[in-house]
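Written below as structure tokens is the structure these notes are about.
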Amino acid sequence: MQVPDWQKAAAEELRLRVGQAMTILLPEGEIMAERHGDAVTQTDLEQLCDAVTGYSRYAFSETIRRGYLSAEGGFRIGLCGTAVVRNGANTEMRDYSSAVIRIGREKIGLADNLAAQIFEGGHFVSSLILAPPGLGKTTLLRDMVRLLSDGSEDVSAHRVALADERGEVAAMYRGQPQLSVGCHTDVLDACPKAVAIPMLLRGVNPQIIAVDEITSGEDLIAMEQAANCGVKLLATIHAADRRELEQKPLFHRLLEMRVFEKTITIQKCGGARTYQTERL
Amino acid sequence: MRALGIVMILSGSVWIAAADVRSRRRTLRLLGELEAALRDMETGIRWKRQMLPDIIAQQAKRPLCGAYFAAVSDGLRLEIPLQDAWQSAFAALKMQEARECLQNTELCGDEKRIMGNLNMAAEHLHKLHEELHAKQRQEEKLHLTVVFSAAGMLIILLI
């Protein structure tokens, strides 16, 4: 790749599209990996899938069906191609047309400064992380899960259950998290949140349940049931700030249910991210 | 002296025939084992959803054909693409038809494609095994006839 090291270090994604040269997604935008690079072929994408799955695509068919693959090392490969739809659901993917390799990065210690704000009287309070796409909701969630699970000088260790529906938080690969989610964390991945939460509640007796991206009323109902069982919750939701959150239909349900007590809003000031905690 | 010569020729012939029978039996067992290994691979994919490198490593424990699968596993450890490792491992197989069948078995693609290819190769090996078995039985009968005829001739000569 004809890309300087500083750009390689900042790369967020590698994008491969059949018939086009590979590109790299940087914070400032997408650039060509090589000025006159060879066009990506379908065989390249097939080989990529074979390499990631250890020549065993069938063992990853559930996530391929959903359009992604989790790779060793915390990388995530998003796939596009021709979907084979049966009874209204995608059953498989063929004729791959593009692949997006998302470079997994974790920021260990990111949540350390927030610890004091999400505890009251020595107990964790259910918290909701708000941010628009690309500001690091999942990264913060992952580090909060790690902190709550491992504990620290100020925070006691908790039994955390993680419902990782899209496999982005723990990036599980053959039963092992590829990113740090703490030593007292049980992960249930590739399962819809509304199904995963009751399973975790019954199966692993958690103190805290963490989920990424609340998107539906079913998720909230499952969370309410968990909260009624005395379990604390940690979740993320797409919203730039409190005002945008208030415009979402889900917000009124959230308020009625009184599941969450605090919000953590991620904002970008200049180049740096700030974290603001508020009572909900 | 003449009788001794005949006995030696006959013993030599019997020894060569026996060695040939042993070699054919070994080939038959090898073919049977290869077929069973391919069927096992198919089962590992269909019912156990095991990873292909793990399934191949399991087949390396087989007494006769294990070495070929071990060579594939070694190739994978050296990061040689599976198809290349597979083809080069089975290049060492002496039986031409079985070698070509296995080398042409593609292990890339989705579940249906891999299982279909494994099944087709296993069927082909099964057919080869049956043909060879029938041929061997026929030749064994022929060998037996030759041995009895020679023995009869020896008795006549000795009389």
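Numbers restart at 1 for each chain; the letters A, B, ... are given by sequence-line order, proteins then strands.
Checked by atom type and distance alone, the side chain of A:D150 pairs as donor or acceptor with a backbone atom of A:C183 at under 3.5 Å.
Only the side chain of A:S61 has a heavy atom closer than 4.5 Å to any heavy atom of chain B. For chain A, no part of B:Q83 is nearby; none of its heavy atoms comes within less than 4.5 Å. Neither the backbone nor the side chain of A:R94 has a heavy atom closer than 4.5 Å to any heavy atom of chain B.
Taking the six-membered ring for Trp and thresholds of 30 and 60 degrees, B:Y68 and B:F90 have nearly parallel ring planes, at less than 30 degrees apart.
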Are A:T41 and A:D44 close enough, and set up right, to give a side-chain hydrogen bond (donor to acceptor under 3.5 Å, both in side chains), and what steps lead you there?
CA-CA 5 Å; A:T41 64; A:D44 293 333; 3.2 Å; yes

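Within a 6.0 Å sphere centred on CZ of B:R49, heavy atoms belonging to other residues, nucleotides or ligands number more than 12.
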